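Notes follow the structure.
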Amino acid sequence: MSNAAVFTITYWGTTGTISDPLRPEEVTGKIVDCLEELARRGRLAELQSASDVRTAIERELAVLPFHLRSTYGGNTTSVEVQTPDALMLFDCGSGFRELGRALSKRWNAPDYNGDRTAHVLVTHPHMDHSYGTPFFAPYYDPRNSFYIWATKSVFRSLQAVLDSKSNLSQVYFPPTYDMMKGMKPNEEIAPGEDFRIGGTRIRTFPLRHPGGCLAFRLDRDGKTYVFASDHEQQEIPDTALAAFAKGADILYTEGQYTQAEYEGREGLPGETPMPRRGWGHSTVEACVATALAANVKSLHLGHRDPARSDADLTRLQEYAQSLAGNVMQVIVPPEGMTVSL
Ligand SMILES: [Zn+2]
Ligand SMILES: [Zn+2]
């Protein structure tokens, strides 16, 4: 029995709705906050006299709160899952471009002679889950093989903007499908359909979202990862989603709003209150209740609202964890986070 991971999951984009890069004043604010904190702890004088100043600074920064020294990132949805026999990429938001750059570097390294195949699983065609497609460099390399698994509506929308014969060709992006020599024929799936990629069993589940959205459940060797992005829970807990995610090691779902924001009693940070019912997204409270009902080990709260700052996200994670108590771990996954099952 090998100790190798069954699923290695890396988050390349976890922001919901639209990309949200850090603004210049936010970057400056982080530098000021970190220096202020180090001064308060009386660490600055010691740093100045360290023999290796850079290493000493890195060591001091590493113990500061994550939202001060770093960022959750601002790219929209893109998640990489490596299994023992296949590479799977979930959704193609702006994080997909970053993933493409990393993949090109990996596959084009001088000593690399491994597989150049990946499976791209797309939840739905909304722009924040698809606009990274033409900016994914490995699609253009004829040595590569990409199989896209999605519903008819995803393929129809990609066709509309990327087929050179479509009226919308070159309206949204210059490239067209025929330039993407690494793309293989479509693997069309229907909501509720089960299929396999290598030794991994994949089940699908239709989520409640305007235009539709598909959740994926990956099972292999007793490990389970559920990727259930855009979804507006109708009941709390959502018994159908809880049944689909039952006993998962990780349930990734979305908690874009708090219950007060959803009902319009409170505004999102910096915004006036506005009810969000019918917008297709869930509350943190609903996600925690559903994850508890599903008896999952860990809840990953993705599709974070772009209005939230890094400090807001740390508070949101603490709030969600307080709702979950100590029976389940809750994480707001930052870009670059990798977990193995
Ligand atoms: Zn979305
Ligand atoms: Zn959506």
Side-chain angles (χ1 to χ4, degrees), residues 9 11-21 72-81 88-99 120-136 148-161 172 189 191 204-216 226-234 238 240-241 244-245 251-258 261-262 268-269 271 274-284 286-287 290 299-308 312-313 316 332-335 337:
I9 302 141
Y11 292 103
W12 292 90
T14 53
T15 300
T17 308
I18 192 163
S19 308
D20 176 38
Y72 287 84
N75 279 304
T76 66
T77 311
S78 170
V79 181
E80 174 185 8
V81 179
M88 301 183 201
L89 315 177
F90 291 84
D91 275 349
C92 314
S94 64
F96 195 52
R97 174 182 159 273
E98 309 278 357
L99 167 54
V120 182
L121 297 92
V122 187
T123 61
H124 68 310
H126 281 166
M127 285 181 72
D128 55 317
H129 300 258
S130 65
Y131 59 18
T133 298
F135 307 105
F136 185 75
I148 303 182
W149 301 76
T151 58
K152 195 187 281 294
S153 74
V154 171
F155 290 122
R156 212 185 285 134
S157 73
L158 287 175
Q159 199 78 19
V161 295
Y172 294 107
I189 46 174
T204 63
F205 174 78
L207 296 168
R208 186 166 174 263
H209 191 61
C213 183
L214 217 53
F216 297 98
V226 177
F227 182 70
S229 193
D230 302 25
H231 179 50
E232 183 166 357
Q233 299 193 25
Q234 204 163 16
D238 184 322
L241 178 58
F244 180 70
L251 165 63
Y252 174 100
T253 190
E254 63 130 304
Q256 184 150 348
Y257 309 124
T258 64
E261 290 163 354
Y262 182 74
L268 280 152
E271 297 181 9
M274 172 169 39
R276 307 283 176 155
R277 209 173 288 280
W279 286 47
H281 300 291
S282 287
T283 68
V284 171
C287 292
T290 298
L299 168 64
H300 289 187
L301 279 177
H303 212 272
R304 58 100 166 173
D305 195 279
R308 291 190 212 288
D312 292 331
L313 290 170
L316 192 79
V332 172
E335 259 174 61
M337 188 182 99

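Remember, it's a predicted structure, so these values are computed and weren't measured experimentally. For ligands, and for the atoms within them, numbers begin at 1 and follow the listed sequence.
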(message) Tell me which N, O or S atom from D128 is the closest to the Zn ion (ligand 1).
(response) OD2
(message) To the nearest 0.5 Å, what is the distance between CZ on R308 and CG on L313?
(response) 7.0 Å
(message) To 10 degrees, how wide is the angle ND1 (H126) to the Zn ion (ligand 2) to NE2 (H209)?
(response) 90°
(request) If you have a sec, read the angle at the Zn ion (ligand 1) from H129 atom NE2 over to D230 atom OD2, to 10 degrees. (result) 90°
Examine distances only and state if a side-chain atom of [X] and a backbone atom of [Y] form a donor-acceptor pair shorter than 3.5 Å.
{"X": "E254", "Y": "S282", "value": "yes"}
{"X": "S78", "Y": "W12", "value": "no"}
{"X": "T77", "Y": "D91", "value": "no"}

(message) Taking 2.8 Å as the cut-off, does H281 contribute an N, O or S atom near the Zn ion (ligand 1), distance below it?
(response) no
(message) Looking only at the side chains, is there a donor atom on one of D230 and H126 sitting less than 3.5 Å from an acceptor on the other?
(response) no
(request) Measure from the Zn ion (ligand 2) to each N, O or S atom of C213 and report whether any distance is below 2.8 Å. (result) no
